[in-house]
Amino acid sequence: MVVSSDTLDDAAAVQWPDGCVDSLMLQTVDFIPPVVDDPFVFGRIAAANALSDIYAMGGQPLTALNIAAFPAEQLGVERMRLILDGAADACSEAGVAIVGGHTVNDPELKFGLSVTGRVHRSQLVTNQGAVVGDELILTKALGTGVLFGAYRERCLEPSSIASWQQSMSCLNQAGAKLMVEAGVKAGTDVTGFGLFGHLHQMMKASNVSARVELAKVPILAGVRQHNLHWSGGSRRNFDYVGDFVVGGDDAGRRLLADPQTSGGLLMAVHASRSDALLGQLKAAGYGQAAKIGCVVDATQERAAGTITVVS
């Protein structure tokens, strides 16, 4: 075992049993309840969300297994077929073979993938390698959880729905390739624990802290008018990491704690390479990618993993 669950990284990294020392096997699993009504779009989003854990480690996903909990009598087989088609669409784009899966009859719909990938040992990205002076780059805008709440209440504007679904459907494949080419060694993806949770895990594992400039954090269209109250997920995320957060107003804290579905990659990048990488990310389709802060010495803060939010 090269990377285990001890540091809460995105995937396990294991030496291949044939003894090849240059290549590692990556293994992860993720599945989610529906975040949109369209079954095809939901399948694609769920697949993109699961594949992201491999990309966050600098790896290439190879194969996937479908995992589905499905109330067949209530929803019908056709809806399940469309979900699988959406996942197959995302996996085809990623060059991933879906080699099987498992479905159980369950009253609550959930879907995702178990994914196997590989990474060259020299290109492995973990959440443990951030160093003081690195700049933090986020490849996707925040706010998918906020917009999900508004969507569920049928008060989300059509233009916001389109950009929200496009963001969640977008693979982190190109971002991972550019991250590796830039020599990034510390990264993660931003999903269910929100930016606060995943950034805290990366800073704590690296024994450093972070400073985030709230004004530079990209947000999805429609988030500002709907980010009015703490959701259950954002509250739980903030309760998890709140002792390590300094500064920020209530709205900013809600946004940075917002649970993301199929969120972007978060990278700690050497300052000499951050501008070039940011330009490449934007050219590759991550139009809202941004530098959101920097890595600082933990001794200047309260403890390793502390996040200071400045306006």
Side-chain angles (χ1 to χ4, degrees), residues 5 7-10 30 32 49 52-53 56 126-130 132 134-149 167-168 172 186-220 223-224 226-269 288-298 300-311:
S5 60
T7 56
L8 303 177
D9 223 319
D10 296 291
D30 206 332
I32 59 175
N49 184 69
S52 182
D53 284 338
T126 72
N127 64 4
Q128 304 171 54
V132 174
D134 282 351
E135 295 187 325
L136 298 170
I137 291 180
L138 179 64
T139 64
K140 289 187 185 182
L142 298 183
T144 65
V146 170
L147 297 183
F148 171 66
S167 177
M168 293 188 293
N172 282 323
T188 187
D189 63 345
V190 180
T191 50
F193 291 113
L195 180 70
F196 270 153
H198 292 285
L199 179 57
H200 165 69
Q201 289 170 354
M202 186 163 68
M203 296 298 101
K204 186 177 180 181
S206 302
N207 198 33
V208 290
S209 292
R211 187 162 292 136
V212 173
E213 297 184 54
L214 185 59
K216 295 184 178 180
V217 175
I219 62 173
L220 289 164
V223 168
R224 293 191 189 281
H226 295 292
N227 183 32
L228 303 176
H229 307 286
W230 286 92
S231 68
S234 59
R235 173 57 70 185
R236 285 189 294 272
N237 284 343
F238 188 77
D239 287 345
Y240 164 65
V241 76
D243 289 344
F244 293 89
V245 173
V246 178
D249 60 15
D250 204 46
R253 289 183 171 208
R254 285 197 300 271
L255 174 65
L256 300 188
D258 185 46
Q260 304 301 288
T261 299
S262 189
L265 299 177
L266 176 64
M267 315 168 190
V269 187
Q288 290 190 276
K291 290 196 287 186
I292 64 168
C294 61
V295 178
V296 297
D297 191 335
Q300 297 175 3
E301 307 295 340
R302 294 189 295 180
T306 296
I307 303 167
T308 301
V309 181
V310 297
S311 57

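Sequence positions, counted from 1, serve as the residue numbers for this chain.
- By the 4.5 Å heavy-atom criterion applied to side chains, Val190 and Lys140 are not counted as neighbours.
- Between the side chain of Thr261 and the main chain of Gly145, no donor-acceptor pair closer than 3.5 Å is present.
- Here the closest heavy-atom approach between residue Val295 and residue Ala268 is recorded as CG2-CB, 4.3 Å.
- For the pair Leu142 and Gln260, the tightest heavy-atom approach, listed with the atom from each and the gap, is CA-OE1, 3.5 Å.
- Of all heavy-atom pairs between Thr306 and Ser209, the closest is O-CB, 3.2 Å.
- For Asn49 (side chain) and Ser262 (main-chain N/O), a donor-acceptor pair under 3.5 Å exists by modelled atom type.
- Note: Glu213 CD to Leu136 CG = 10.0 Å, rounded to the nearest 0.5 Å.
- Taking CE from Met267 and CG from Asp189, the interatomic distance works out to 10.5 Å, rounded to the nearest 0.5 Å.
- Between the side chain of Lys216 and the main chain of Ala290, no donor-acceptor pair closer than 3.5 Å is present.
- Not one N or O on the side chain of Ser52 forms a donor-acceptor pair closer than 3.5 Å with the backbone of Asn172.
- Checked by atom type and distance alone, the side chain of Ser206 pairs as donor or acceptor with a backbone atom of Met202 at under 3.5 Å.
- Ion pairing of Arg254 with Asp258 is absent here, as no side-chain N (NZ or NE/NH1/NH2) approaches a carboxylate O to less than 4.0 Å.
- The environment of Arg224 atom CZ is sparse: at most 12 non-hydrogen atoms of other residues, nucleotides or ligands sit within 6.0 angstrom.
- Residues forming a side-chain hydrogen bond (donor to acceptor under 3.5 Å, both in side chains) with Asp134 (at least two apart in sequence, or on another chain): none.
- At least one side-chain heavy atom of Trp230 sits under 4.5 Å from a side-chain heavy atom of Asp250.
- Checked by atom type and distance alone, the side chain of Asn227 pairs as donor or acceptor with a backbone atom of Ala251 at under 3.5 Å.
- Nearest heavy atoms, Ala130 versus Ala186: N-CB, 3.2 Å.
- Listed for the Asn237 side chain is a donor-acceptor partner under 3.5 Å among the backbone atoms of Gly192.
- With hydrogens and angles left out, the side-chain atoms of Asn127 and Thr188 include no donor and acceptor closer than 3.5 Å.
- One finds the NE2 atom of His200 at 9.0 Å from the CG atom of Asp243 (value rounded to the nearest 0.5 Å).
- In this structure, the side chain of Thr126 engages the main chain of Gln128 through a donor-acceptor pair within 3.5 Å.
- When all heavy atoms of Val217 and Ile292 are compared, the closest pair comes out as CA-CG2, 3.9 Å.
- For the pair Leu220 and Val146, the minimum side-chain heavy-atom distance is 4.5 Å or more.
- By the ring pair (Phe, Tyr, Trp, His ring centres under 6.0 Å) test, Phe193 pairs with His198, Tyr240, sequence neighbours left out.
- The heavy-atom pair separating Phe196 from Val241 by the smallest distance is CB-CG1, 3.6 Å.
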